[in-house]
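Let me begin by handing over the structure; questions about it come next.
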Amino acid sequence: MPLYETVVGLEIHVELATASKVFCGCSTAFGGGQNTRACPVCMGLPGALPALNRQAVEYAVRAGLALNCSITKNAVFDRKHYFYPDLPKAFQISQLYLPLCVDGWVEVSGKRIRIREIHMEEDAGKLSHDPWTDVSLVDFNRCGAPLIEIVTQPDIRSAEEAVEAVRKIRAALSMLGVSDCKMQEGSLRVDVNLSVRPMGSDELGTRAEMKNINSLRSIGRAVTAETARQIEQIELGKPIIQQTRRWDDSKGASSAMRSKEDALDYRYFPEPDLAPLSLSDEWIAERRAALPELPEQKRKRYPVEFGLSAYDTDILVSEKALCELFERTAALCGRPKDAANWIMGEVLAALKDRGEPPDQLRLPPEALARIITLQSDGVVNRNGARRALTAVMSGEAEDVDGYVTANQLAMVGDESALAGIVRQVMESDADSVAAYRAGKEKAFGRLMGQAMKALRGKGDPGRLKELLTEALGEG
Ligand SMILES: [Zn+2]
């Protein structure tokens with residue numbers, strides 16, 4: 001039995017997919033020239049007043065409902081003060097006292113990880129440091145972008161559970177369409193709060209926080225490495241210091257950044273320029289009724305309705321693009337098992353080869369359904385089907401049937417064509433025919449090989465064998 005237990009709580013920052021920022025009309029599009037998407041409001045110029053983005057509230061509420069939270073009808077915004085060059089107002093509009101969503105949960109390996117709250121806030125700008133000139137530049141394009149922060153209770157006990165919790169939350173949010181959840185672009189960033197304690201203890205140890213981790217793999221590695229570091233400190237009789245640490249994925253280690261502030265240090269107070277929200281029960285009920293089918297529901301439905309394994313189901317429902325492709329393809333071709341097998345096999349392998357994430361998938365369900373139908377009808381063989389898929393995914397072909405015709409991928413199913421080839425091979429290799437008829441069975445393989453070659457692998461080998469046997473017996 002291990003001597004120590006890891007205790008982890010997560011803070012997940014998610015950029016909402018609204019067209020404009022949370023308190024002004026500036027665009028939230030990724031990229032763009034520096035400081036081209038900034039105005040007096042998001043740059044915090046004196047006298048500029050915030051106006052709340054209704055869509056951002058709706059997205060945050062949808063996230064809360066999907067994660068089993070209660071919605072605070074009269075949620076309030078607060079100012080969180082700190083000075084940093086990427087925060088021009090010197091305060092961030094956030095929510096401390098009455099966050100929008102509270103008391104939710106997400107299920108991880110059969111256990112509920114409680115979600116303490118989901119609050120709304122605005123993002124900060126971005127600093128770039130130039131080590132050569134020792135100059136720092138600031139870009140306000142991201143300043144004021146709408147965020148939600150999902151805060152879990154310290155219910156997570158391992159690296160696996162931490163990764164699984166983020167994966168589940170990400171799948172739900174991406175299914176809702178409230179965020180693109182692209183970790184590589186920073187749309188979903190995770191802070192890991194971690195402490196260790198003697199096994200069996202109920203008390204929480206002193207925690208360290210690792211900020212802005214942006215891949216699932218890094219989250220798992222950070223939890224494992226920080227657990228080991230804290231245990232080592234304790235064994236050496238050294239105290240754990242409450243601090244914020246920077247996780248360096250290339251080194252596989254974290255280093256101290258600053259001592260961690262408590263809420264008191266931020267001098268929170270209610271934002272006087274924004275009225276408290278006033279959400280009606282009806283409005284919330286309508287939002288709840290309009291939620292799409294969530295990954296958890298699909299997880300239960302797929303094995304029952306389509307006979308898929310838990311493993312396949314899990315992979316499909318973790319990515320919005322994959323389960324949409326699966327459901328539409330299955331409906332179009334009526335072969336859910338084949339659709340799942342193609343996606344789990346060829347499609348994921350092709351994405352991996354191309355180094356693309358599933359959300360960049362360019363494969364219309366119509367095309368995949370057609371490929372599956374052509375193969376199951378025996379029009380193309382596995383190899384031909386695979387070639388057509390690669391051509392569609394690379395943008396080389398748009399129309400599956402056109403590609404199959406242009407590249408002569410169709411199987412030769414026509415009896416007279418097969419018989420013609422048998423005749424042709426027997427005429428061109430009379431020696432083998434004679435040898436076979438003289439009892440040399442090996443010669444059959446030679447003739448069969450030539451016939452398959454003439455068909456370029458596109459004939460049904462079983463039928464071909466029958467025809468050849470028949471023709472040789474006639475002599
Ligand atoms: Zn603005």
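Note: hydrogens, waters and symmetry copies are ignored here, and every other heavy atom, side chains too, is used. Both counts, for ligands and for their atoms, begin at 1 and track the order of listing.
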Salt-bridge test for E161 and K111: reply yes if a basic N is under 4.0 Å from a carboxylate O, no otherwise.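 Judged by the 4.0 Å cut-off on N to carboxylate O distance, E161 and K111 do form a salt bridge.
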Looking at R245 and M210, would you say the former's side chain and the latter's main chain have a donor-acceptor pair under 3.5 Å?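 Checked: no pair found.
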Do the side-chain N and O atoms of T227 and T224 include a donor-acceptor pair separated by under 3.5 angstrom?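 There is no such pair between these side chains.
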Taking the basic N atoms (NZ, or NE/NH1/NH2) and the acidic carboxylate oxygens, is any pair closer than 4.0 Å for R287 and E58?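 A salt bridge links R287 with E58.
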May I ask you to decide if T18's main-chain N or O and T28's side chain share a donor-acceptor pair within less than 3.5 Å?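 The answer is yes, because a donor-acceptor pair under 3.5 Å joins these two groups.
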Can the positive tip of K298 be found less than 6.0 Å from the middle of the six-membered ring of Y302, inside 45° of the ring normal?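 Checked: cation-pi criterion not met.
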Provide the protein N, O or S atoms situated under 2.8 Å from the Zn ion (ligand 1); waters are not included.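 Metal shell, protein only: C24 SG, C26 SG, C39 SG, C42 SG.
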